[in-house]
Amino acid sequence: MKPEPLSETFVQEESYQTESTSKDRRTSSDSEHNFTDDEQTSDIEFDLDPRFLNTKYECLRPTPLKPKYNQSLVELLEVIEHSRELNGEERNALSYRHAIAALKAYPHNIKSYAEARKIIGVGPKIGNHIKEFLTTDTIPEAEEILASEKYQTLDIFSRVYGVGYKTALKWYRKGYKSIRECMRDPYLTHIQRLGLELFNDFQKKMSRQDIQELLGILDTIIKSIYSDCIITPVGGYRRGKEFNGDLDVVVSHPQEEIANNLLKDIVEKLMDTGHLKHKLFYARNKKDTSSELLSSHRNVMDKLDKCFCAFIQPSTQICRQVDLIIAPYSQYSTAVLGWTGSKQFERSLRNYAKKERNMTLTSHGLFLNVIPKRQVHVTSEREIFNILGIPWVEPEMRNC
DNA sequence: ACCCACTACA
DNA sequence: TGTA
DNA sequence: GGGT
Ligand SMILES: O=c1ccn([C@H]2C[C@H](O)[C@@H](COP(=O)(O)OP(=O)(O)OP(=O)(O)O)O2)c(=O)[nH]1
Ligand SMILES: [Mg+2]
Ligand SMILES: [Mg+2]
């Protein structure tokens with residue numbers, strides 16, 4: 001659901017060739033992690049802890065999985081954020097996410113409204129929630145949301161694979177109260193029916209040990225096809241999450257020809273061996289062999305093959321969601337970066353690339369936005385951070 | 001007043 | 001358009 | 001809902 005920016009036709013002087021062109025400043029010698037505040041409006045607020053980089057770009061600072069401080073405040077704000085998502089208020093939800101990410105990275109418990117308001121991303125509304133939290137130890141709006149039957153129902157329905165807020169709302173308006181009732185709906189799509197059937201299994205989170213079991217199977221099967229495949233677990237598992245909703249894996253192969261048909265080969269073998277029960281989503285992006293014939297401009301790079309599938313875990317017989325992503329070797333590092341997340345980390349990184357470096361970052365590559373858009377070839381995650389001129393962030397610290 | 005990530009399937 |  |  002993107003309007004597709006199309007060609008920006010104008011502007012664009014070369015940018016890239018980083019060094020500090022942009023504004024956020026970091027104290028010169030960065031032996032450890034000495035972050036300082038950020039520009040603008042500043043002057044006045046030099047008093048935030050210098051270990052906290054006060055920026056609107058979450059990708060510039062480390063964010064742990066579990067915050068050391070402000071944990072219950074964060075949980076309450078996440079309730080409001082989710083409620084906004086269920087109401088289709090994306091931008092509003094994004095604002096809550098900015099504030100939440102900042103609080104997760106902040107090195108103290110917030111002690112006052114004034115302190116909270118110094119944080120970029122905390123404006124008057126969220127500031128007031130925090131003020132209430134400081135005196136009552138809760139946020140009234142979050143409590144109301146949690147108590148509301150509508151929220152509880154929409155929350156459950158929207159967890160079904162193939163069901164977003166629109167469908168959840170339709171079902172709620174039809175008076176459905178349970179997953180069982182939804183299954184009788186006459187307008188289910190194929191995917192929604194599957195999602196409802198697999199609902200109980202998909203709700204069960206996977207421990208790291210469960211994930212390792214699945215990775216072992218994938219490793220054996222994939223390497224039995226091509227022994228020099230590279231298999232990289234990404235997603236929440238790579239960020240250190242203890243309990244994961246699914247397993248995301250990027251697979252690549254040094255020979256592009258082989259990578260080209262890898263997904264089909266893997267999926268067929270997983271089907272034959274009985275591991276793979278359902279394909280929920282299958283994207284086969286054939287290589288572009290005819291680029292010269294196409295409309296003058298040299299767009300059309302090949303996209304990543306993907307298969308989101310339901311996979312039987314042998315030890316428990318539980319159906320697990322596994323997302324397989326096949327990347328040509330040339331796109332391996334951007335794919336790993338893009339699929340490691342978190343979602344907010346990716347959004348901030350891409351926003352930073354565009355706004356501060358005049359570049360476009362996707363899971364398929366890094367591009368310089370000059371008139372004919374030029375690909376900047378990269379071979380590692382670190383190289384991407386370097387080119388963007390931002391400090392390396394460990395996967396475990398990308399939990400914005 | 002404008003921006004807020006980006007791309008693909010069903 | 002809805003969902004991932 | 002917040003930053004620019
Ligand atoms: O809208 C999205 C959704 C996902 N991703 C990337 C980042 C994310 O980390 C990764 C895997 O997505 P998934 O939905 O599996 O999230 P997760 O971070 O792995 O968490 P979970 O434990 O729920 O699987 O894909 C995005 O960039 N944008
Ligand atoms: Mg995941
Ligand atoms: Mg996933």
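Letters A, B, ... are given to chains in the order of the sequence lines, protein chains preceding strands, and every chain is numbered from 1. Model, not experiment: these values are computed from the prediction.
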Quick one: [X] [atom1] to [N] [atom2], roughly how many Å, whole number?
| X | N | atom1 | atom2 | answer |
| --- | --- | --- | --- | --- |
| A:Leu188 | C:dT3 | CG | C1' | 15 Å |
| A:Leu366 | B:dA5 | CG | P | 17 Å |
| A:Phe281 | C:dG2 | CZ | C1' | 12 Å |
| A:Leu77 | D:dG2 | CG | P | 11 Å |
| A:Lys306 | B:dA10 | NZ | P | 11 Å |
| A:Lys170 | C:dT3 | NZ | C1' | 12 Å |
| A:Leu349 | B:dC6 | CG | P | 11 Å |
| A:Tyr57 | B:dA5 | OH | C1' | 12 Å |

Is the closest basic N to carboxylate O distance between A:Lys118 and A:Asp47 below 4.0 Å?
yes
Compare the minimum distances between each of [options] and the side chain of [X], then state the nucleotide with the smallest one.
| X | options | answer |
| --- | --- | --- |
| A:Ile126 | D:dG3, B:dT7, D:dG2 | D:dG2 |
| A:Ile120 | D:dG3, D:dG1, B:dT7 | D:dG3 |
| A:Ala283 | B:dC9, D:dG3, B:dT7 | B:dC9 |
| A:Tyr96 | D:dG1, C:dA4, D:dG3 | D:dG1 |
| A:Tyr161 | D:dG2, C:dT3, C:dA4 | C:dA4 |

Same-atom distance (C1') from C:dT3 to B:dC6, integer angstrom
14 Å
*asked:* Please give the distance between the P atoms of D:dG3 and B:dA5 as a whole number of Å.
replied: 15 Å
The side-chain contact (heavy atoms from CB on, under 4.5 Å) partners of A:Ser342 (sequence neighbours excluded) come to A:Arg239, A:Gln344, A:Phe345, A:Cys400
Residue pairs meeting ring pair (Phe, Tyr, Trp, His ring centres under 6.0 Å), one or both in residues 216-258 of chain A, sequence neighbours left out, come to A:Tyr226-A:His253
task = Assign A:Ser363 to base, sugar-phosphate, or nothing according to its heavy-atom contacts below 4.0 angstrom with the strands shown.
result = nothing
Next item on the list: Select base, sugar-phosphate, or nothing to describe what A:Leu280 touches, counting heavy atoms under 4.0 Å on all strands.
Entry: nothing
Cluster membership besides A:Tyr69, Ile/Leu/Val/Met/Phe/Trp/Tyr side chains within less than 4.5 angstrom, sorted by chain and number, is none
Under a side-chain separation threshold of 4.5 Å, the hydrophobic residues clustered together with A:Phe157 are A:Ile156, A:Val160, A:Val163, A:Trp171, A:Tyr176, A:Ile179, A:Met183, A:Leu188, A:Leu196, A:Phe199
Note to self: Between A:Ser348 and A:Asn351, is there a side-chain donor-acceptor contact under 3.5 Å, judged purely by atom types and distance?
What the structure shows: no
With a 4.0 Å cutoff (strictly under), does any side-chain N or O of A:Lys56 reach OP1 or OP2 of D:dG3? no
From the list A:Leu76, A:Leu73, A:Ile80, side chain to side chain contact (heavy atoms under 4.5 Å, CB included) partner of A:His129 resolves to A:Ile80
Contacts of A:Arg84 meeting side-chain hydrogen bond (donor to acceptor under 3.5 Å, both in side chains) (sequence neighbours excluded), chain-then-number -> A:Asn92, A:Glu141
Quick test: give all pairs of protein nitrogen or oxygen and nucleotides 1-4 of chain B nitrogen or oxygen below 3.5 Å, distance rounded to 0.1 Å.
{"residue": "B:dC3", "atom": "O3'", "partner": "A:Lys355", "partner atom": "NZ", "Å": "3.1"}
{"residue": "B:dC4", "atom": "OP1", "partner": "A:Lys354", "partner atom": "NZ", "Å": "3.2"}
{"residue": "B:dC4", "atom": "OP1", "partner": "A:Lys355", "partner atom": "NZ", "Å": "2.5"}

